Amino acid sequence: MSAALLLLADSRLPAGGHAHSGGAEQAVKTGAVHDLASLRGFLAGRLHTAGLVAAGLTAAACRSAGRSPTPPAPMTWAELDAEADARTASPAQREANRQQGRLLLRVARRVWPSPVLEELALAVPNPHHPVALGAVAHAAGVPPDEAAMAAAYHAVAGAATAAVRLLGLDPVEVHRLLAGLAPDLDAVAERAAAAEVLPATSAPALDLLAERHARAGLRLFVS
Amino acid sequence: MSLPLPPRRYPAPVALSHRTPGAGEVAGRRRMRASAAVSTALSGGRTILPLLRSDPPLTLRQTGPHTVHLVSTAAGPLGGDHLSLDLDVAPGTRLEIGSIASTLVLPGDGESLSVITARVGEGAVLSFAPEPTVLAAGCAHRMVVRLTLAEGARARWREEIIFGRYGEAPGRCVAGFDAMVEGRPLLRQELTVGDPSLDGSSAIYGSARCVGTTLLAAPPHPATPKSGSPGLTAGQAGASAAEGPIGANAPGQGATGVRGGGVVAEGVAVLPLAGPGVLVSALAADAVELRRRLGLGEAQIAW
Amino acid sequence: MGANHEDHHHAPDGHGRALRLGIGGPVGSGKTALVAALCRALGPELRLGVVTNDIYTTEDADFLRRAGVLDPERILAVETGCCPHTAIRDDIAANLDAVETLEERFGPLDLVIVESGGDNLTATFSRGLADAQIFVLDVSGGDKVPRKGGPGVTTADLLVVNKTDLAPLVGADLGVMERDAGAVREGRPVLFTSIRQGGAGEVAAWVAERVHGWSHAHAPVA
Ligand SMILES: Nc1nc2c(ncn2[C@@H]2O[C@H](COP(=O)(O)OP(=O)(O)OP(=O)(O)O)[C@@H](O)[C@H]2O)c(=O)[nH]1
Ligand SMILES: [Mg+2]
């Protein structure tokens, strides 16, 4: 494992992630997430749907950045981004994804300067987050399977932190819950990195939550 | 669909329960391989159906000039069955597909598979709106839809999945949907129902017992910026539609005939896609409510 | 944010860009009122942009847009997910992006004001985001607040003590506040305002001086 992976996955990476709850704020508002057990269900669902898609795109972007001969064949940035679009039916989610991708890219261009990132910024200035993450991982020397792990972790870590803040849950219990999801994180990252066809696992409830959130009069998180 | 049809058996989940075969019946039946097809052609400016191939249990009946209904002539699919339906809508023609009753997916010997492939030619119009698919307890089903649209083609595609007959836990189903417009991906989704480790996750479908979508692909208005214009990918068109204050999450409204995206009512959202199309997505406790919610969403779209 | 934005990536040294002024301070002390007053006072001479950081959605941005002190399009809102201080200090990406978006859309600008969400006395702006910062207190919290210090009060380039009109009502002694502030701030300036009654002329003059100094020191390099 590369040390750069830790930097990439760290919530202290100053790339704007702290302002996103991944649907958790709305799930708390509707009462669907209200305690540790319901949070666990939410996070596991998020990980195995949106998380798997993100991890697959991230690994593919990382591989494409390195022009890796491993299938699937390298795609252009625009193609990868269009595949992310096709897997993100909710416009609010696309917007949140692009905002996070854009911020990650701007931060990474200073932290890990690389022609690959300049190329991505030119081709897709506001890339979907997984596309940016894959490119950044490559620039930081992180291989595709580890990049997929960072994406899978990103899919649950932000939502878990948001739930701690919104519900006043015991942060130790929430971390215990994340530790319990570790085998799932491994499995999702592994499956995503090995997939020859980009995963497209969908989650209708996340779409609905994202759209509700975008229209909420009062909200704390961007998404 | 104003032609004489047998009375609609919708909502079907309860009514169908008497058709549950006994274990012996399931075990005794051979696996079925069926491949049905419909294609249209243009004749004197009107749509005709030169090919209408039934293959039991997929029996097709023409019920209008360009309307075909699926009539199930056997229970199932059962585990192990492989059914496929090919729809070829020639340029400039129309095709409407419906069904007489819900499809009840039953357990059997292995996984059942249904594959629907639909090609919609230039300027052609396809409407696909069968009755729901009901996942009986213990079933293991895979559904694959591949929809491709040529330039100027339109499609309305409704899919409803009911998690088990009344009061019953569903079997397992993986429903994949793949839509391409003019060679670009429009929508790629794969929904898993009945995975015990995720069933009930409020991120996927929560406590809902039915899930449904209607894709309205490529709206008719020529004002739509052509997705093929140079330098503008589908993704970029989608994002610029969402241009707005940072974090304000303005809904994308650009390239679709949608009057207003977002949540139109409890449990239903109208989702303008990045490419030319809109997805209505709904969750509900029962089939009647699901249909009502999808209808509310569909009514928002000038298609 | 659209994907069709020009790509903007400024040199971090500040050449050729606007002065970035952070305005922080506790909830309700008058930060938004000060932003509005600054826009009124400086708008005629300077090319301005404003970024607000709201706790809940886009309340302050909406207020400023309604107040008509600035072209509404020059006001952007950043949402901070429960942590206003994170967005101005530890993870400034969204704010930097908003600032640069304004400069890209309306630039060149002379001054971009970033209002922080109301937070506690330790909240300060990262030097990576703000070139200068003002900390706004009000008298209604009691005259003990400057004495308590905290990085906001002690290190801000300017401390503003607002709502002096309320001092008699809450029994706050402005003399004590001035003395304590002077002591913890080691000579850095303190201004007293009643923005509601008298505007913020002195603060505007302080800001204008900063902007002029900035544009001389950071003229675009050829
Ligand atoms: N009496 C009095 N009220 C003032 C003065 N300045 C502002 N206010 C009022 O104080 C309240 C809060 O002012 P804002 O400018 O919204 O304060 P803020 O610091 O931006 O608040 P947050 O952004 O919510 O932290 C408003 O009702 C203002 O009208 C003043 O000088 N005197
Ligand atoms: Mg304010």
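A note on names: the letters A, B, ... follow the listed sequences, proteins ahead of strands, and every chain is numbered from 1. Just the heavy atoms: all of them, side chains too, but no hydrogens, waters or symmetry mates, feed the values below. Being a predicted model, the structure only gives us computed values, none of them experimental.
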B:E111, CD: over 12 other non-hydrogen atoms inside 6.0 angstrom: yes
Segment of A:T201 engaging chain B (4.5 angstrom heavy-atom cut-off): both
query: Using non-hydrogen atoms only, which part of A:L208 is less than 4.5 Å away from chain B: side chain, backbone, both, or neither?
result: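 Contact with chain B involves both backbone and side-chain atoms of A:L208.
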query: Should the pair B:E266-A:R212 be classified as a salt bridge under the 4.0 Å nitrogen-to-oxygen rule?
result: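 Looking at A:R212 together with B:E266, the answer is yes, because their closest N to O distance falls below 4.0 Å.
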field: Residue, of B:V211, B:L187, B:L279, B:T213, that accumulates the most heavy atom pairs under 4.5 Å with chain A
entry: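 Looking at each of B:V211, B:L187, B:L279, B:T213 in turn, B:L187 comes out on top.
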Can you see which heavy atom on [X] is nearest to which on [Y], and at what distance?
X      : Y      : value
A:R94  : B:P272 : NH2-O, 2.6 Å
A:G41  : B:S201 : O-OG, 2.7 Å
B:A203 : A:G45  : CB-C, 4.0 Å

Can you tell me how far [atom2] of [Y] sits from [atom1] of [X], rounded to the nearest 0.5 angstrom?
X      : Y      : atom1 : atom2 : answer
A:H48  : B:D195 : NE2   : CG    : 8.0 Å
A:Q26  : B:S202 : CD    : OG    : 12.0 Å
A:D184 : B:S197 : CG    : OG    : 7.0 Å
B:L271 : A:D207 : CG    : CG    : 5.5 Å
A:S202 : B:L191 : OG    : CG    : 4.5 Å

task: Would you mind reporting whether B:Q189 and A:R87 have side-chain heavy atoms less than 4.5 Å apart?
output: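 No. Closest side-chain heavy atoms not under 4.5 Å.
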- request: Under 4.5 Å heavy-atom distance to chain A, tell me which part of B:T192 shows up: side chain, backbone, both or neither.
  value: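 Neither part; nothing is under 4.5 Å.
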- request: Tell me, for B:L198 versus chain A, whether the close heavy atoms (under 4.5 Å) come from the side chain, the backbone, both or neither.
  value: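 For B:L198, the side chain is the part near chain A, not the backbone.
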message: Looking only at heavy atoms and a cut-off of under 4.5 Å, which of A:A205, A:A210, A:S38 has the most pairs with chain B?
response: A:A205
query: Residues of residues 14-22 of chain A under 4.5 Å from chain B (heavy atom pairs)?
result: none
- request: Determine which residues belonging to residues 168-177 of chain B lie within contact range of chain A, meaning some heavy atom pair is under 4.5 Å apart, and list them by number or answer 'none'.
  value: none
